[in-house]
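In each ligand, atom 1 is the first atom listed, and ligand 1 is the first ligand listed.
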Amino acid sequence: MKKLAVFASGNGSNFQAIAEEIQKGKIDAKVALVLTDKEGAGVIKRAEAFDLPVFCILPKQFETKVQYEQAILEKLKEYHVDYIILAGYMRLIGETLLGAFEKRIVNIHPSLLPSFPGKDAIGQAYRAGVKVTGVTVHFVDAGMDTGPIIDQEPIRVDEGETEETLAKKIHKVEHVLYPKVIQQLVSK
Ligand code: GAR
């Protein structure tokens with residue numbers, strides 16, 4: 001059984017969707033640990049509710065990014081992690097983790113990449129007035145929401161759509177697409 005580490009900086013609804021699909025037996029993997037870089041992130045309570053180990057490792061506790069990622073890497077080794085699943089982890093992955101987990105780090109992003117990378121992708125797309133946006137899952141490289149695309153799902157921006165209704169639609173799609181892609185990945 002493959003072991004996942006889920007990295008999240010915020011709410012953790014994607015973590016929740018993944019954990020639920022694992023419980024239902026829809027993903028042949030287990031979450032070995034949850035990692036957050038933000039004190040009080042919503043994902044912490046969600047992980048505790050699933051009785052999963054959750055670690056809050058703050059970058060400011062370290063002098064360099066290399067040291068920060070080395071501390072993370074130790075935890076990943078301790079828990080025999082196979083894949084890193086970024087679920088709203090709002091930080092660039094550095095050389096230490098990229099080198100140790102080549103082709104084994106994936107990310108979900110709320111736009112049809114390469115359009116609207118970075119923060120507030122839903123707002124960026126909404127303000128640009130696009131008629132179609134969507135969700136992307138991709139392998140992670142050193143760039144911001146770059147790296148080979150694994151799968152995408154388009155979403156129409158309907159007449160009278162608000163940013164809030166669009167965000168709801170996008171999250172709903174994320175919660176289906178990400179577990180599906182993760183299952184494909186771990187069953188290879
Ligand atoms: C998700 O919409 C995810 O696609 C996005 O953060 C949100 C996290 O929500 N990620 C990025 O923007 C990455 N650049 P969640 O904490 O409820 O899972």
Side-chain angles (χ1 to χ4, degrees), residues 4-23 27 29 31 33-50 52 54-59 65 72 83-94 97-98 101 105-128 130 132-157 161-183 185:
L4 315 177
V6 180
F7 288 19
S9 303
N11 177 19
S13 72
N14 278 284
F15 155 74
Q16 176 98 24
I18 294 161
E20 284 174 2
E21 291 305 287
I22 288 175
Q23 267 191 346
I27 303 176
V31 176
L33 67 93
V34 175
L35 179 120
T36 185
D37 60 339
K38 286 263 161 29
E39 276 167 309
V43 73
I44 297 172
K45 283 216 166 68
R46 292 185 193 261
E48 286 168 355
F50 280 91
L52 291 169
V54 51
F55 299 100
C56 183
I57 303 184
L58 306 177
K65 182 161 184 148
I72 295 175
Y83 288 95
I84 299 174
I85 309 295
L86 305 185
Y89 180 72
M90 305 308 268
R91 194 169 287 282
L92 282 178
I93 300 293
L97 289 176
L98 283 172
F101 279 80
I105 310 177
V106 292
N107 181 42
I108 189 159
H109 185 76
S111 74
L112 289 180
L113 290 171
S115 293
F116 312 118
K119 286 191 180 148
D120 188 25
I122 300 172
Q124 289 185 55
Y126 186 78
R127 289 188 294 276
V130 296
V132 180
T133 182
V135 175
T136 302
V137 179
H138 64 95
F139 286 111
V140 171
D141 65 10
M144 167 90 76
D145 300 316
T146 54
I149 290 171
I150 305 171
D151 205 352
Q152 290 184 308
E153 189 78 37
I155 295 164
R156 281 205 71 82
V157 182
E161 193 95 68
T162 65
E163 201 178 315
E164 288 68 34
T165 60
L166 179 61
K168 271 202 184 127
K169 276 159 64 173
I170 286 186
H171 294 312
K172 205 168 160 198
V173 168
E174 287 188 322
H175 300 160
V176 177
L177 183 68
Y178 214 7
K180 190 184 95 183
V181 171
I182 292 167
Q183 170 56 14
L185 202 66

Undergrad: Considering only protein heavy atoms, which is closest to atom 10 (N) of ligand 1, and at what distance to one decimal place?
TA: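 Ranking protein heavy atoms by distance from atom 10 (N) of ligand 1, first comes I108 O, 3.5 Å.
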Undergrad: If every non-hydrogen atom of L98 is compared with every non-hydrogen atom of V140, which pair is closest and at what distance?
TA: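 Shortest heavy-atom separation between L98 and V140 comes out as CD2-O, 3.6 Å.
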Undergrad: Once side-chain hydrogen bond (donor to acceptor under 3.5 Å, both in side chains) is applied, do any residues pair with N107, and if so which ones, sequence neighbours excluded?
TA: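 Result, side-chain hydrogen bond (donor to acceptor under 3.5 Å, both in side chains) vs N107: H138, D145.
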Undergrad: Looking only at heavy atoms, which two atoms of I18 and I27 are closest? And how far apart?
TA: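 Taking every non-hydrogen atom into account, O-CD1, 3.9 Å.
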Undergrad: May I ask you to identify the nearest protein heavy atom to atom 17 (O) of ligand 1, giving residue, atom name and distance to one decimal place in Å?
TA: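 The answer is S13 OG, 2.6 Å.
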Undergrad: If we only consider heavy atoms of G12, is any one of them less than 4.0 Å away from an atom in ligand 1?
TA: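 Heavy atoms of G12 do come under 4.0 Å of ligand 1.
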Undergrad: If you have a sec, work out which protein heavy atom is nearest atom 9 (O) of ligand 1 and how many Å separate them, to one decimal?
TA: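 Going atom by atom, the protein heavy atom closest to atom 9 (O) of ligand 1 ends up being N14 ND2, 3.9 Å.
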Undergrad: Do the non-hydrogen side-chain atoms of E21 and Y178 ever get within less than 4.5 Å of each other?
TA: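 No - every pair of side-chain heavy atoms lies 4.5 Å or more apart.
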Undergrad: Could you check whether any heavy atom of M144 sits closer than 4.0 Å to an atom of ligand 1, since that is the contact criterion I want to use?
TA: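 No; M144 lies far enough from ligand 1 that no heavy-atom distance drops under 4.0 Å.
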Undergrad: Please give me the minimum heavy-atom distance between A41 and S9, naming the atom from each residue.
TA: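 Heavy atoms of A41 and S9 come nearest at CB-O, 3.6 Å.
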Undergrad: Between K119 and ligand 1, which residue portion shows a heavy-atom distance shorter than 4.0 Å: side chain, backbone, both, or neither?
TA: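 Neither; nothing of K119 gets under 4.0 Å from ligand 1.
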Undergrad: Quick check: do K180 and D151 have side-chain heavy atoms less than 4.5 Å from each other?
TA: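 K180 reaches D151 side chain to side chain.
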Undergrad: Can a non-hydrogen atom of H171 be found less than 4.0 Å from any atom of ligand 1?
TA: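 Heavy atoms of H171 do come under 4.0 Å of ligand 1.
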Undergrad: Just need the protein heavy atom nearest to atom 4 (O) of ligand 1, so name the residue and atom and give the distance.
TA: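 Here the closest protein heavy atom is E174 OE2, 2.4 Å.
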Undergrad: Show the atoms of ligand 1 that are less than 4.0 angstrom away from any heavy atom in N11.
TA: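 Answer for ligand 1: 16 (O), 17 (O).
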Undergrad: Test your reading of the model: is there a side-chain donor-acceptor pair from H109 to the backbone of T146, 3.5 Å cut-off?
TA: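 Not at all, since once roles are kept as given, no pair shorter than 3.5 Å links the two residues.
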Undergrad: Okay, side chain of T133, backbone of A125: is any donor-acceptor separation there less than 3.5 Å?
TA: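 Answer holds: no.
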Undergrad: Name all residues meeting the salt bridge (Lys or Arg N to Asp or Glu O under 4.0 Å) criterion together with E161; count only those two or more places apart in sequence or in a different chain, and write none if there are none.
TA: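 Per chain and number, E161 pairs via salt bridge (Lys or Arg N to Asp or Glu O under 4.0 Å) with K169.
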Undergrad: Please state which part of D145 comes within less than 4.0 Å of ligand 1, counting heavy atoms only: side chain, backbone, both or neither.
TA: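 Just the side chain.
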Undergrad: What protein heavy atom sits nearest atom 13 (C) of ligand 1, and how far away is it?
TA: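 Of the protein heavy atoms, H109 ND1, 3.6 Å lies nearest.
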Undergrad: What atoms of ligand 1 come closer than 4.0 angstrom to any heavy atom of G88?
TA: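 Atoms satisfying the 4.0 Å criterion: 6 (O), 8 (C), 10 (N).
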Undergrad: Is P110 in contact with ligand 1, taking contact as a heavy-atom separation below 4.0 Å?
TA: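 For ligand 1, residue contact (heavy atoms, under 4.0 Å) with P110 is present.
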